[in-house]
Amino acid sequence: MLRLPKKGLPRFDQIQDEETYLENLAVQRNASAFFEKYDRSEVQELLTTVLVSWLFGKEDARSQLDNPCGIMSQMNNVGFGTVILLTPVDPTALLDYREVHQIIRELAVGIYCLNQIPAISLEANYDQSSSCQLPPAYYDTRIGQILINIDYMLKALWHGIYMPKEKRARFSELWRTIMDIDPDGKPQTNKNIFAEFSSAGLIDITNDPDFNGIYDEDMNEDPTYNPNWPEEKAIFMKYAENIMLKLTFSTTQVQQCENVFIFETAYWLTNAIKYNQDYLDICTYQRLQQRLYLQKKVIQKHFEKKKEIRIGIGYLKLICFLTPFLLSLKKKMKVPYLNSLLQPFSDDKVKTERELPPFIYGRDFKCQNFHYKEDQYFHVHGGIEFDITTPSIENALEEFKNNLEKIRDCAANTFVEDAGYKEYYSIPVMEFNGKRYYVIYFELETFYQQLYKTQWWGAINEIVNNLRLKRLPLTDAQLHEQFKKKFGFKKAMKCKSIPFGMKSAVERGLSAVFHTFSRKTSSSTINVSDEAGYAIFHHAALHNRVSIVCQLCNANFNVNQRRFIMFSQESSKTDAKKERNEMLQCESYKRRMMAIMSLEVICLAKDEYWQYILDAGTIPALINLLKVSKIKLQCKAVGLLSNISTHACVVRAVVEAGGIPALINLLVSDEPELHSRCAVILYDIAQLENKDVIAKYNGIPALINLLKLDIENVLINVMHCLRVLCMRNENNQRAVRDHKGIQYLITFLSSDSDVLKAVSSATIAEVARDNKDVQNAVAMEGAIPPLVALFKGKHLSVQVKGAMAVESLASYNPSIQRAFLERSLSKYLLKLLKAFQIDVKEQGAVALWALAGQTLKQQKYMAEQIGYNFIINMLLSPSAKMQYVGGEAVIALSKDSRMHQNQICEGNGIAPLVRLLRISKLAEGTLLSVIRAVGSICIGVAHTSNPISQKFVVEENAFPVLIQLLRNHPSPTIKVEVAFSLACIVLRNNLLHKELQENEGFKYDDVLYLLHSQDKDICLRAGYALTLFAFNDCFQQYLILESGIITISIFEPFLESTIETEKAMAAFQIIILAKVIIDVDHITLSARGVTILVDSLYSVHSATIVLTGNLIASLAHSRAGIPEAFATLGTIQRLCYHLYSGKEEVRAACSCALGYLTYNANAFRILLKECRNKPNQFLRITNNISRDASINPAFLKEFQLQRKVGLPSLSLEKNGGPSIIPVFKKGKEHRRKLKPKIQPRDSLTLMPPVTNFMGLFKTTQKTTASHNVFSFSSATSSDIIKVSRPRIVFLNELGKHEQKANSEPAEG
């Protein structure tokens, strides 16, 4: 410790010395902690690799190695202090900035200190477990985790077996004990071995929805080869132990402009067979390659279906470029400045598995790549590696150069605004040349040791140097322990022989063991060849042991010995054949068949060859073949067309060549192969706006007629075609109904096939979407019970498609909504909200809100069912659909319910809403919903305010973002809604009015101009906003008057409107704004408005009465004279009349209006008279009035007193008058109606306040709901419902009509 002087202040240099000392101490402590994760053998392997790596030896004069080509040999000018990397974005798998910084940090330590680049190799242990052989620098790192996870998924797809990470980590510790493994690695247990593995979590990978059915497709295109022949299986299993699959990542392009580097990377799936020519002849090798080629095709097609795999591959692509890039920076003495990076993950978050438990097949597992004996478990092997050579560095394109400063600004400002902890750190994205790129930024520092300061690399190197003297070489006991762990006891004893031990160490890649043996023997012994003529170097090359090859190179070993061949490349693909269009047009059947078959081979050889087929003018010739009477030619022609019709220009060529009627004519043939293929092509055609043309040629009845068949792949493709034909096309929807297609679709909902259930659900969704007549037809045909039954199954993909159908059928259809709710469907849909996949949650949320309907009562009920926690999660979700539903649920709950408003505030529900307002790219419909929700939380029944929620909203800094939206958003609809919400936030709150106007600069000019909008809805809404600003506030009315001119002409179109709700709303506005409208006196305006509202009470439309009742309630506590006018015009009697309405919303609104009118003396007397003459009238008022509404306590007291004294009506009864209580007679017309099943917990009656908030909202007031219309795209996709598009037409299968699902996965 530095000692401070006893007297006086410490000098500056003394303080600096102590700070430096403490910094150095922290660096050394972190370096020491880095090595604590390793056990003894791992440290020994780490130290050996550090010393013998080719990275370490490059500056050594003895090195025989050259710099890899590309960036490592080209990058010269490194005068910059920061680096910006641009790489393409995969929008379906976004990367996390913190993960990227963690990778940079780990690569810096691995490359600069420990001389190791990332890679992984899964190696077999003697007991059939698999070691995760990483370079030791990447043990317990995020890089190591990614490598293990991606490689494990590769092997899982290859074998069709999977065990989740948490379960396999636990099973790795227990499986040897469970199996009672002996020293030779053999199980001694009597238990059912597969049952033990299964109970530990091992499953068939096709149980994962993402990989369902992936092995059903026949990838074999060679009719002379059958991979399922017993002989082929036997040959493959003979060599399986030494066959491996590997992923190789490589940088494909590098551009540079100063400190900005633009790069792209790719990966390849390759196989290697670790045998030399003495053990494997070329014929057998080719047979193995043919089988491996089919297996790889399956993996390549389905590997990236899972989002987690796509994200992992994204990080591996980044690592692929960063590795040679950091190696080049190291040569130039630059190193990433780690202190500028985001905080690293804690050690427990980056633990890597050291080994994987074995795989074992179950009897019913789908994958048939390998064939082991029953209850035989086995290891997996393969790996991932990075090619550190790169293409030559190119100059950046002009687009990048011209935007250099924008790129730098984007990179530098990434964490300026929000540097706090977050679950997810987004990487900024920029678009160039129509392509989106991540912008990744990090700082550099010089790679020199500074005087008196310990750098992190210096501290690590110091520990490495100290450990090297203590831990190397290995003792004999340590050698034996290593061999025993990897090879078992028997082989470990043999390894005591140096030649055998060295060869075993080389084969397994045990660098520390080989280093120890090398010190025990002479170089001449190492050079000795075995009986086959191969030296140690050859075995190291065969098994790809780079660290051992480096040791041999450093020892000046002669590598130019006998040539060793390692078969590791794919057999070459067939060259594309030049197609001959004239052969298709000749008269010879044989020549036409040969031509079309050669075209089929060409289009399958490479994805891009379809373009050559199109450019050669082949499409018209193929369409002509559809018109001949040769069924085999027809099948081959539609097979070829279905393989290339996924491209828009091919579809256009098919349509121009008259393909639509030709394809529809083939739908009436007797060959299912033609049915299926033609339906697929018509599906592709319909997606390019040719729906009406297909319908014109009677395509819809022809397709519906095929639904009678019992062949699954035909049914799937036909329904897909119908689904697309009905999208946004009412005529086609009606055609499906009129031609009796709905009955078939409903039948498939009860099928045994999950795929048919899902496809029929998705088809029903599009047939009925936004078409009430068809919705009712579907319901009448009995679709609702089987749809509800879908949700009782376990297949999530089926439920998602079922939810699509529910959403479509229930949208704006109260009777169907009621039918679903009576069957308790909402509880099943709520389970979808608990799913991990965002698209599943989205569909569940949208379906639930479709069931919420358009009435406030039903929406409150559904919001209660969803619950507070889910609603907040929706608002925090990145999904626009979830955000919208969350906003609508908040509106429904908070509408006229102070209890819920306060509970939302107390439950931190305001912050997510305001956060959404700040998102610049939020969908407009979602933004509208959120803005309305913010306003709804602040306003109560009869335009009363809620100071508590107003305060919460303002404290979340909602004012600045709302003002910014009001002034700058391009949409007038958004602006007027913001104005209304601002009015709600400051309603009857002078302090907030002052803050809004003085601190935020709000002016009424920002709203007044909206009154003159050409859109009458915006004009009326703007008037409503100004009305709320002016409500019961003379000063604000004065400010509005000073800000601009408002004349009655603005309101006249609404006051004369035939739409009753518009008329009533305008009447309310002119009453409140009477003193602001300059060209008519306020008494005339008030009288006109009151008259209109009273007349509105005589409407036959319940929506008008509900709105009018609520507006009268508000006006009853506005200004003197207004309640008196209402009382004079007979309003009390009319409101009392509506208390007998069968609709709860009407009764509630009228009760509320009566309650507020009781504060007027005249209205008090009139209503008291009504209640005295009809005692049940009082009960109707008190039973229906909202808990937040107000009624004069004096009125309640007076009525109780009158009832105690005796009501006149009761006296009349005593005197022989009519009974006040009606006498009900038997009969249907007198039976009591049952209460509706949908009852929100917070009813419309007075109820005690709720003090305990348990996570589910409890709602209150019921009035009419606003029609917040927001439509989403219905193009939700799931693998389970893709069209069936086999690549090859097998002519020998034609004419076979037995029902069987096409074994190939579909594509959509």
Side-chain angles (χ1 to χ4, degrees), residues 770 772 811-814 853-857 859 891 895-896 928 932 935-936 942-943 971-973 975-977 979-980 983 1007 1010-1028 1031 1046-1074 1077 1080 1084-1115 1126 1129 1131 1134-1135 1137-1138 1141 1143 1145-1146 1148-1150 1152-1153 1262-1271:
D770 300 326
K772 193 167 185 177
S811 180
Y812 292 91
N813 196 314
Q854 284 62 57
T855 65
L856 182 62
K857 174 181 179 180
Q859 289 178 345
I891 293 171
K895 177 71 174 175
D896 297 344
L928 271 174
R932 288 170 179 159
S936 177
H943 293 90
S971 169
T973 306
K975 289 183 176 181
V976 76
E977 207 57 53
F980 181 79
V1007 184
L1010 294 170
L1011 287 174
H1012 304 282
S1013 171
Q1014 296 299 313
D1015 188 327
K1016 68 174 187 176
D1017 292 333
I1018 292 175
C1019 179
L1020 187 64
R1021 194 68 170 170
Y1024 194 11
L1026 288 169
T1027 301
L1028 284 193
F1031 190 75
I1046 301 179
T1047 62
I1048 191 63
S1049 62
I1050 295 171
F1051 302 94
E1052 280 296 350
F1054 304 107
L1055 295 172
E1056 301 297 332
S1057 173
T1058 57
I1059 301 174
E1060 294 175 346
T1061 52
E1062 287 185 359
K1063 194 172 184 179
M1065 180 57 73
F1068 173 71
Q1069 293 176 17
I1070 64 172
I1071 295 171
I1072 300 298
L1073 298 174
I1077 299 172
V1080 181
T1084 303
L1085 286 171
S1086 299
R1088 185 180 179 185
V1090 169
T1091 303
I1092 291 172
L1093 288 173
V1094 174
D1095 290 343
S1096 297
L1097 289 176
Y1098 291 86
S1099 171
V1100 296
H1101 300 109
S1102 59
T1104 304
I1105 299 169
V1106 170
L1107 175 62
T1108 304
N1110 288 328
L1111 295 178
I1112 291 173
S1114 302
L1115 291 168
F1126 280 118
L1129 292 175
T1131 307
R1134 194 61 193 171
L1135 289 170
Y1137 168 82
H1138 287 304
S1141 169
K1143 296 188 175 180
E1145 292 86 352
V1146 173
C1150 294
C1152 182
K1262 300 289 182 287
T1263 60
T1264 55
S1266 61
H1267 291 263
N1268 297 326
V1269 182
F1270 184 53
S1271 62

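Here the structure is a predicted model, which means the values were calculated and not measured.
The structure places OG of Ser1086 at 9.0 Å from CG of Leu1115, a figure rounded to the nearest 0.5 Å. Here the NZ atom belonging to Lys772 is positioned 12.5 Å from the CG atom belonging to Asp770, to the nearest 0.5 angstrom. Within the model, atoms CG of Leu1055 and CD1 of Ile1092 stand 4.5 Å from one another, a figure rounded to the nearest 0.5 Å. If you take CD on Glu977 and CZ on Arg1021, they are separated by 4.0 Å, rounding to the nearest 0.5 Å. The structure places CG of Asp1017 at 8.5 Å from OG1 of Thr973, a figure rounded to the nearest 0.5 Å. Here Phe980 contributes atom CZ and Thr1027 contributes atom OG1; the two are 9.5 Å apart, rounded to the nearest 0.5 Å.
Considering every non-hydrogen atom in both Arg932 and Ile891, the closest pair reads CB-CD1, 3.5 Å. Between Thr1104 and Ser1099, the closest heavy-atom pair is CB-OG, 3.7 Å. Across all non-hydrogen atoms, the minimal contact from Ser1096 to Thr1108 is CB-OG1, 3.3 Å. Taking every heavy atom of both residues into account, Val976 and Ile1018 meet most closely at CG2-O, 3.6 Å. Of all non-hydrogen atoms in Gln859 and Gln854, the two that sit nearest each other are NE2-CA, 3.9 Å. Across Gly1023 and Leu1011, no two heavy atoms sit closer than the pair N-CD2, 3.5 Å.
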Evaluate side chain to side chain contact (heavy atoms under 4.5 Å, CB included) for Leu1010 paired with Cys1019, printing each intermediate quantity in order.
CA-CA 6 Å; Leu1010 294 170; Cys1019 179; over 6 Å; no

Please lay out, stage by stage, how Ile1112 and Leu1097 fare under the test side chain to side chain contact (heavy atoms under 4.5 Å, CB included).
CA-CA 10 Å; Ile1112 291 173; Leu1097 289 176; 3.9 Å; yes

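The cationic group of Arg1134 lies under 6.0 Å from the six-membered ring centre of Tyr1137 and within 45° of the ring axis, placing it in a cation-pi geometry.
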Can you give me every donor-acceptor pair (side chain of residues 1062-1070, partner residue at least two apart or in another chain, under 3.5 Å) with its distance?
residue	atom	partner	partner atom	Å
Glu1062	OE1	Ser1057	OG	3.1
Glu1062	OE2	Lys1016	NZ	3.3
Gln1069	NE2	Leu1020	O	3.1

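Residues satisfying the side-chain contact (heavy atoms from CB on, under 4.5 Å) criterion with Ser1141, sequence neighbours excluded, are Lys1143, Val1146, Arg1147. When the side-chain contact (heavy atoms from CB on, under 4.5 Å) test is applied to His1012, the partners found at least two apart in sequence or on another chain are Ile1050. Partners of Asp1095 under the side-chain contact (heavy atoms from CB on, under 4.5 Å) rule, at least two apart in sequence or in another chain, are Thr1091. Partners of Arg1088 under the side chain to side chain donor-acceptor pair (under 3.5 Å) rule, at least two apart in sequence or in another chain, are Glu1052, Glu1056. Annotation: side chain to side chain donor-acceptor pair (under 3.5 Å) contacts of Ser1114 (sequence neighbours excluded): His943.
Side-chain contact between Ile1072 and Leu1028: absent, with no pair of heavy atoms (C-beta onward) separated by less than 4.5 Å. Using a 4.5 Å cut-off on side-chain heavy atoms (C-beta onward), Asp1015 and Pro972 make no contact. Counting heavy atoms from C-beta on, the side chains of Thr1047 and Val1080 never come closer than 4.5 Å. Residues Leu1093 and Phe1126 meet the side-chain proximity criterion, which asks for heavy atoms closer than 4.5 Å. Within the 4.5 Å cutoff, the side chain of Leu1085 has no heavy atoms near those of the Ile1071 side chain.
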